[in-house]
Visitor: 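Below you will find the structure I want to go over with you.
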Amino acid sequence: MHAIVQPSTKPLTSNPSTTIRSALQEPLWLKITLIAIALGFIFLFLCLPLLIVLFHAFAKGVGAYWEAILQPDTLAAIKLTLLTALVTVPANTLFGIAAAWAITRFEFRGKSLLTTLIDLPFSVSPVISGVIFVLLFGMQGYFGEWLRDHDIKIVFAIPGIILATLFVTFPFVARQLIPLMQEMGNEEEEAALSLGASSWKMFFKVTLPNIKWALLYGVLLCNARAMGEFGAVSVVSGHIRGLTNTLPLHVEVSYNDYQTVGAFASASILAGLAVVTLVLKTLLEWKQGNR
Amino acid sequence: MKSINFISYKQIIFALVALLMASTQALAERTILNVSYDPTRELYKEYNPLFIKHWQEKTKETVEVQQSHAGSGKQSRAVIDGLEADVVTLALAYDVDQLYKQARLIPENWQTLLPNNSSPYTSTIVFIVRKGNSKQIKDWSDLVKDGVSIVTPNPKTSGGARWNYLAAWAYALKHNNNSEDAAKAFIGKLFKNAAVLDTGARGSTTSFVERGIGDVLITWENEAYLVLKEFGADKYEVVTPSFSILAEPPVTVVEKVAKKNGNEDIAKEYLSYLYSKEAQDIIGKNFYRPSDKDIAAKYAQQFPQLELITIAELGGWNEAQKKHFADDGVFDQIYTGGK
């Protein structure tokens with residue numbers, strides 16, 4: 001920054017560069033204060049809670065930590081969380097690509113409505129997202145009796161949890177891709193087609209390489225939310241231990257059972273999954289920046 | 001190179017899915033689901049293995065019992081909405097009644113199918129204070145004094161909270177020549193002192209114990225003694241008031257669901273075995289008042305004697321619900337008025 005700043009010898013003129021310079025040259029105390037506030041804030045609201053989670057998780061030693069994690073209910077919760085992510089993330093990836101493609105490559109009636117609808121899960125409270133499915137598929141809901149007669153379980157079972165998660169993580173991939181694909185335009189794709197490539201070949205050789213970073217970024221965000229969702233899943237779960245409790249629900253259950261170590265051990269796994277996701281995200285950004 | 005990567009990625013996913021499928025298939029035996037309210041977690045954790053052993057000895061079949069716990073009203077709602085409970089063990093008869101009224105999942109006369117109004121155990125409502133009892137809380141009348149901060153769950157969502165409320169109501173009636181206006185004023189003052197209204201009994205315990213809110217927690221007797229056991233008798237004291245309510249948490253087989261799942265035999269035995277001496281002993285150990293006379297005598301020292309009023313003397317749950325907890329009922333009048 002210092003390299004840019006050169007002492008001006010000329011008398012004051014209306015030269016715009018002088019105002020820019022002085023705006024960049026903050027006094028030292030201000031810089032330090034701002035940095036201290038930012039770091040302090042991050043420490044207080046991000047690092048400290050994470051440290052407390054780890055502190056409580058290991059409060060009774062590493063042995064108790066592993067014992068808590070290896071409990072059947074905890075393992076079942078981890079499994080269910082992974083299964084949910086495994087189903088919802090690929091499904092929403094496909095949907096996100098399809099939606100972004102439709103919105104940026106075609107002109108059709110109701111396009112802006114579709115764009116708004118994709119954002120709906122962001123603007124609706126997760127609890128509502130859960131209640132929607134109870135109202136639809138619950139016994140008192142529109143399809144409840146039919147589902148029962150055909151012996152299909154949706155709410156208070158794994159399909160309901162997956163549906164609710166699918167709903168709340170709906171927008172992530174599409175939201176990442178739409179602005180990028182709009183900016184990109186379709187010249188390269190048209191060129192590929194006019195040179196005789198098939199549509200699939202065009203997609204894999206031209207479109208996908210162009211959007212892959214944004215796509216991966218969207219997938220990571222989607223994954224983080226799919227694993228961490230509490231509200232919507234809580235409504236449709238039924239809280240059956242070892243069966244329909246995901247990790248976030250299991251954290252609450254253990255805490256209410258006075259099993260502090262168990263609760264914080266499960267929380268530490270969730271935090272660990274989040275940290276892995278964040279590290280991957282940072283790596284991606286770094287790689288993308290280097291290109 | 002790329003295609004090789006792609007295949008191995010697919011294989012990893014396939015392997016993971018196969019693993020998940022395999023592990024869920026391993027549990028191929030009959031399973032029943034007990035949908036219960038908040039404070040019974042520890043009780044059923046201890047009872048279920050006893051029942052599984054009993055059923056195995058009786059039939060040579062290994063069964064599994066799954067548990068779900070939350071606020072009583074919320075659980076009743078979930079079962080009505082399709083949570084497939086084979087048995088429910090809830091906090092009060094009104095919540096069980098809804099299974100008949102809203103969804104016809106149980107017969108109308110469900111409460112006559114098992115002894116003691118289908119309540120294998122009873123409890124009552126007591127107070128828990130921080131060691132030393134600095135606010136000198138001895139009875140209900142001490143709760144309405146200025147500067148006393150109370151923790152109780154919300155009667156709209158919590159079964160325990162409705163027992164709390166009705167115990168206070170009955171106390172106020174008794175000490176004011178049955179004047180309902182005086183009782184309303186009493187309850188109004190009491191809820192004005194409430195620092196927080198959680199949705200369930202366990203949430204209130206957490207507010208009082210772990211978050212350190214309030215001078216006194218109004219709660220189930222079993223929950224109060226559990227707090228002493230979990231967090232130390234050196235930190236908390238249980239205060240038994242002079243007068244309280246006989247809380248009868250009822251149990252019933254959800255016939256429609258149990259029949260459909262082919263679990264009716266296990267579900268019935270699961271509940272009637274709660275009345276056996278072995279089960280009653282576990283019940284006493286978990287600070288519920290046993291209904292079996294011999295076992296009750298064994299645990300008599302654990303439970304202080306006090307005057308108890310029954311819900312029937314207060315007109316039954318349907319009337320209490322309509323009068324106090326329905327929209328625009330007494331609770332709505334006093335709570336919005338108390339702000």
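Source: prediction; values computed, not measured. Scope of the values below: all heavy atoms of this structure, side chains included, with no hydrogens, waters or symmetry mates. Residue numbers begin at 1 in each chain, while the letters A, B, ... track the order of the sequences.
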Visitor: Heavy-atom count around B:E264 CD within 6.0 Å, excluding the residue itself: above 12?
Guide: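 Enclosed.
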
Visitor: What part of B:V257 lies closer than 4.5 angstrom to a heavy atom of chain A: side chain, backbone, both or neither?
Guide: neither

Visitor: Under 4.5 Å heavy-atom distance to chain A, tell me which part of B:L33 shows up: side chain, backbone, both or neither.
Guide: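 For B:L33, the contact with chain A is made by the side chain alone.
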
Visitor: Any idea which heavy atoms bring B:K45 and A:D257 closest together, and the distance?
Guide: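 Looking at all heavy atoms of both residues, the closest pair is NZ-OD2, 4.3 Å.
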
Visitor: Got more than 12 heavy atoms from elsewhere within 6.0 Å of CD, B:E46?
Guide: yes

Visitor: For the interface with chain A, which of B:E210, B:Q75, B:Q102, B:E42 has the highest count of heavy-atom pairs at distances below 4.5 Å?
Guide: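 Option with the top pair count is B:E210.
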
Visitor: I'd like to check A:Y258 versus B:V209 (side-chain heavy atoms, cut-off strictly below 4.5 Å). Are they in contact?
Guide: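 A:Y258 does not reach B:V209 side chain to side chain.
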
Visitor: Are more than 12 heavy atoms from other residues, nucleotides or ligands located less than 6.0 Å from atom NZ of A:K201?
Guide: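 12 or below, so no.
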
Visitor: What do you reckon, is NZ of B:K260 surrounded by more than 12 foreign heavy atoms closer than 6.0 Å?
Guide: yes

Visitor: So which of A:Y255, A:F156, A:F137 has the largest heavy-atom pair count under 4.5 angstrom toward chain B?
Guide: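 Counting heavy-atom pairs under 4.5 Å, the top option is A:F156.
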
Visitor: Please identify, among B:G82, B:G203, B:A70, the residue contributing the most non-hydrogen atom pairs under 4.5 Å to chain A.
Guide: B:G82

Visitor: Side-chain contact, heavy-atom cut-off 4.5 Å: A:I240 with B:L83?
Guide: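 Yes - at least one pair of side-chain heavy atoms lies under 4.5 Å apart.
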
Visitor: Quick one: what part of A:V235 sits under 4.5 Å from any heavy atom of chain B, side chain, backbone, both or neither?
Guide: neither

Visitor: Just verifying a value: how many Å separate B:T205 OG1 and A:N256 CG, rounded to the nearest 0.5 Å?
Guide: 9.0 Å

Visitor: Take B:V35 and A:H239 through the side-chain contact (heavy atoms from CB on, under 4.5 Å) test and state the conclusion after the steps.
Guide: CA-CA 9 Å; B:V35 170; A:H239 305 275; over 6 Å; no

Visitor: Using heavy-atom distances under 4.5 Å, tell me whether A:D151 contacts chain B through its side chain, its backbone, both, or neither.
Guide: side chain

Visitor: Surrounding CD of A:Q71 (heavy atoms of other residues, nucleotides or ligands, distance under 6.0 Å), is the total greater than 12?
Guide: yes

Visitor: Contact part of B:E84 toward chain A, heavy-atom cut-off under 4.5 Å: side chain, backbone, both or neither?
Guide: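 B:E84 touches chain A through side-chain heavy atoms alone.
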
Visitor: Would you indicate whether B:K101, at its atom NZ, is surrounded by more than 12 heavy atoms from other residues, nucleotides or ligands within a distance under 6.0 Å?
Guide: yes

Visitor: Nearest 0.5 Å, what's the CZ-CD distance between B:R41 and A:Q259?
Guide: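 Reported value, rounded in 0.5 Å steps: 9.5 Å.
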
Visitor: Would you say the side chain of A:M139 lies within less than 4.5 Å of the side chain of B:L105, judging by non-hydrogen atoms?
Guide: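 SC-SC contact between B:L105 and A:M139 ruled out.
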
Visitor: What heavy-atom pair brings A:G238 and B:S68 nearest, and what distance separates the two atoms?
Guide: O-OG, 2.6 Å

Visitor: Which bit of B:Q67 comes within less than 4.5 Å of chain A, counting heavy atoms only: side chain, backbone, both or neither?
Guide: both

Visitor: Could you tell me whether a side-chain N or O of B:Q66 sits under 3.5 Å from a main-chain N or O of A:L243, the two making a donor and an acceptor?
Guide: no

